[in-house]
Amino acid sequence: MKVMSVFGTRPEAIKMCPLVKELAGREGVESLCCVTGQHREMLDSVLEVFGVRPDYDLNIMTPRQTLSSITEKCLGGMNGAIEQLKPDLILVHGDTSTTFASALSAFYHQIPVGHVEAGLRTYDKYSPYPEEMNRKLVSALADLFFCPTENNRANLAREGITEGVYVTGNTVIDALKTTVREDYVFSSEVLNRLPYREKKIILVTCHRRENYGEPMENIMLALREIAEAYPEVELVYPVHLSPVVRETVKRILPGAPGVHLIDPLPADEMHNLMARCYMVMTDSGGLQEEAPALGKPVLVLRRETERPEAVEAGTVKLAGVERRAIVAMASELIADAEAYRRMAHAVNPYGDGHACERIADAITRRFG
Ligand code: UD1
Ligand code: UDP
């Protein structure tokens, strides 16, 4: 049986590479990997860390690409991948434009679709944008649904989807298990030399489309204010390669005390940095899953989240996108040891690191 995993961006790759490898070890399964190249450098870096070589590469990325251009190029490019590799099942991940377009292409070719990380919802059409709509559309196209949590399964059940649904945990925890090591040595001297013990290192990322413009400016101004107010804090910010993000960052943050603006990190470097930092401030989906597993408090720089599990467990808080609220919430965690202690405990609502095994088991049972 030929199982073709399709992905195109950094987070999809981090969460799918362990599954591509798990499937490759299964008897009777040929594990194929097709990348759309929606991201280029950030995708290639993950492929290198996990040692995965794609069988097909659509190579679609252009600077400042639009949602339509990504969807159009993926949909067109997938025809060639399907004709050449002839998969029996196509696996897609999460909620990017690659995810939606490749699931749609699978449907046009009448090939069954397995959706990894299924059932996440905010129920707000425009937030996150376009991800909420992408994942809902993929739910309509998919045949197998691999939900990270019971809560995700319940979301699908409310929409009438009960067949072919499996609760597996999130494959990001599988990935994290292979990357984080106590004796890890960073390839960058900046990261090796950070004062992890003497200072409070805050790890920052920000990239969401719905935060472009004023919300992202507010976030950057809040970060600057935090850096100026607390000499005991250092901010480490690997800046996403999106030109929109980089322009906003460059306008507001350079020159702020204790702020390290660096290029995107390879996944293993990022995970180990997270394991050593004091706390995380982010609008990323993946970081909301990883940081709680590592016992790090997270302030989410968004108005909502499709990942309520760690909020309920008390390690993630929604900080919103207003400068004053972000500064106030960060200040509490920096200055109030008790408030920090209440949030800094490891929780694992996203699984035990065996999600890929469960997904591969479900596939081989179903198609075996
Ligand atoms: C995409 C996903 C988003 C996901 C995010 C993860 C969509 C619509 N968005 O958003 O769901 O959370 O990836 O990071 O699917 N760029 C490079 N090199 C790279 C990657 C990006 O130069 O390796 C630049 C390009 O100019 C590109 C721009 O970043 O046009 C934006 O990339 P794009 O994939 O369109 O959007 P993201 O914000 O990365
Ligand atoms: N990540 C990384 N290097 C970085 C920033 C993030 O490897 O410089 C990892 C992070 O640990 C997580 C994933 O990328 O596994 C999250 O990707 P991103 O925030 O781009 O997308 P999202 O999860 O929001 O879709």
Side-chain angles (χ1 to χ4, degrees), residues 7-18 35-50 59-71 73-74 92-102 117 120 127-135 138 170-176 178-180 188 191 203-212 216 236-247 260-275 277 280 282-291 293-294 296 298 300-302 305-307 350:
F7 48 88
T9 67
R10 170 173 67 192
E12 293 167 82
I14 292 174
K15 293 166 167 181
M16 287 298 272
C17 281
V35 296
T36 64
Q38 175 177 335
H39 284 174
R40 194 65 276 168
E41 302 89 332
M42 284 158 55
L43 171 75
D44 292 344
S45 158
V46 180
L47 294 170
E48 197 184 319
V49 167
F50 288 93
N59 197 22
I60 67 159
M61 194 191 86
T62 53
R64 292 176 185 272
Q65 56 204 4
T66 62
L67 299 179
S68 314
S69 79
I70 305 168
T71 308
K73 286 188 191 165
C74 282
V92 300
H93 181 279
D95 51 23
T96 70
S97 294
T98 284
T99 316
F100 166 58
S102 48
E117 199 174 283
L120 279 69
S127 190
Y129 169 79
E131 291 82 4
E132 176 71 2
M133 196 44 67
N134 282 341
R135 56 196 172 214
V138 174
N170 197 310
T171 59
V172 78
I173 306 296
D174 301 31
L176 214 50
T178 68
T179 51
V180 176
S188 126
L191 299 184
L203 177 59
V204 177
T205 77
C206 187
H207 71 84
R208 305 225 76 85
R209 266 181 165 78
E210 72 274 10
N211 277 343
Y212 283 4
M216 202 168 279
V236 184
Y237 181 174
V239 186
H240 193 289
L241 292 180
S242 159
V244 182
V245 175
R246 289 177 97 83
E247 268 166 23
H260 306 269
L261 300 175
I262 57 177
D263 279 333
L265 291 169
D268 51 344
E269 303 258 305
M270 183 66 176
H271 290 169
N272 283 284
L273 178 58
M274 209 182 306
C277 77
V280 173
T282 189
D283 67 358
S284 159
L287 267 79
Q288 289 178 61
E289 296 153 344
E290 294 163 344
L294 297 169
K296 306 300 172 180
V298 182
V300 177
L301 307 170
R302 290 169 55 177
T305 180
E306 59 288 274
R307 294 169 168 89
Y350 302 109

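For ligands, and for the atoms within them, numbers begin at 1 and follow the listed sequence.
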If you count the atoms of ligand 2 from 1 in the order shown, which ones are under 4.0 Å from a heavy atom of [X]?
X	result
I14	7 (O), 9 (C), 13 (C), 14 (O), 15 (O)
G285	22 (P), 23 (O), 24 (O)
A267	7 (O)
H271	11 (O), 15 (O)
P238	8 (O)

- [ ] Using atom types as modelled and distance alone, determine if a side-chain donor or acceptor of T66 lies under 3.5 Å from a backbone N or O of S69.
- [x]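 Yes; at least one donor-acceptor contact below 3.5 Å.
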Would you say [X] has any N or O atom under 3.5 Å from an N or O of ligand 2, going by distance alone?
X	answer
E290	yes
D263	no
P264	no
H240	no

Protein heavy-atom partner closest to [atom] - residue, atom, separation in Å:
atom	result
atom 30 (O) of ligand 1	T62 O, 2.8 Å
atom 7 (C) of ligand 1	Q38 NE2, 3.3 Å
atom 32 (O) of ligand 1	Q65 NE2, 3.5 Å
atom 10 (O) of ligand 1	R209 NH1, 3.9 Å
atom 25 (O) of ligand 2	P11 CG, 3.4 Å
atom 5 (C) of ligand 1	H207 CE1, 3.5 Å
atom 19 (O) of ligand 2	S284 OG, 2.8 Å
atom 23 (O) of ligand 2	G286 N, 2.7 Å
atom 1 (N) of ligand 2	M270 CG, 3.6 Å
atom 39 (O) of ligand 1	H39 NE2, 2.6 Å
atom 8 (C) of ligand 1	S97 OG, 3.2 Å
atom 6 (C) of ligand 2	R10 CZ, 3.5 Å
atom 16 (N) of ligand 1	M61 SD, 3.6 Å

TODO: Rounded to the nearest 0.5 Å, what's the gap from CG on L273 to CG on L203? Could you check?
DONE: 5.0 Å
Task: Separation of C17 SG from L43 CG (nearest 0.5 Å) - done: 8.0 Å
Does any N or O of ligand 1 fall below 3.5 Å from an N or O anywhere on [X], backbone included?
X	value
R10	no
R64	yes
N134	no
H240	yes
T9	no
E41	yes

Side chain, backbone, both or neither: [X] near ligand 1, heavy atoms under 4.0 Å:
X	answer
P243	side chain
E131	side chain
S284	neither

Under 4.0 Å from a heavy atom of [X]: give me the atoms of ligand 1 that qualify, with their elements.
X	answer
S242	24 (C), 28 (C), 29 (O)
P63	26 (O), 30 (O)
I70	35 (O)
L67	8 (C)
M42	19 (C), 20 (C), 23 (O)
R40	19 (C), 23 (O)
T96	11 (O), 15 (O)
P130	8 (C)

Quick one: closest heavy-atom pair of [X] and [Y], and the distance?
X	Y	value
P18	F50	CG-CE2, 4.3 Å
C277	K296	O-NZ, 2.9 Å
Q65	I60	OE1-O, 4.2 Å
T205	T282	OG1-OG1, 2.6 Å
Y350	Q288	CE1-O, 4.0 Å
P238	V204	CD-O, 3.2 Å

Open item on the list: My understanding is that only one of R307, R302, R208 makes a salt bridge (charged side-chain N to carboxylate O under 4.0 Å, His left out) with E131; could you say which?
Closed with: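 One option only clears the test, and that one is R208.
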Task: Cationic N near anionic O, under 4.0 Å, E132 to R135 - done: yes
Task: Presence of salt bridge, R246 and D263, under 4.0 angstrom - done: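 Here D263 pairs with R246 in a salt bridge, since their nearest N and O are under 4.0 Å apart.
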Open item on the list: Pair D95, F100 - check side chain to side chain contact (heavy atoms under 4.5 Å, CB included), show working.
Closed with: CA-CA 7 Å; D95 51 23; F100 166 58; over 6 Å; no
- [ ] Specify whether H207 and H240 have parallel, tilted or perpendicular ring planes, treating 30° as the upper limit for parallel and 60° as the lower limit for perpendicular.
- [x] parallel
Task: contact_flag R208 ligand 1 heavy-atom lt 4.0 Å - done: yes
Open item on the list: Quick check on R208 - does any of its heavy atoms sit under 4.0 Å from an atom of ligand 2?
Closed with: yes
Open item on the list: Below 4.0 Å, non-hydrogen atoms only: which portion of H207 touches ligand 2? Side chain, backbone, both or neither.
Closed with: side chain
Open item on the list: Taking 4.0 Å as the limit for heavy-atom contacts, which would you say applies to L287 with ligand 2: side chain only, backbone only, both, or neither?
Closed with: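 Side chain only.
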TODO: Pick, from T179, L265, T282, D283, the option with the minimum heavy-atom distance to atom 8 (O) of ligand 2.
DONE: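 Ranked by closest heavy atom to atom 8 (O) of ligand 2, first place is L265.
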Open item on the list: Checking E12 against T96: is there a side-chain donor and acceptor pair closer than 3.5 Å?
Closed with: yes
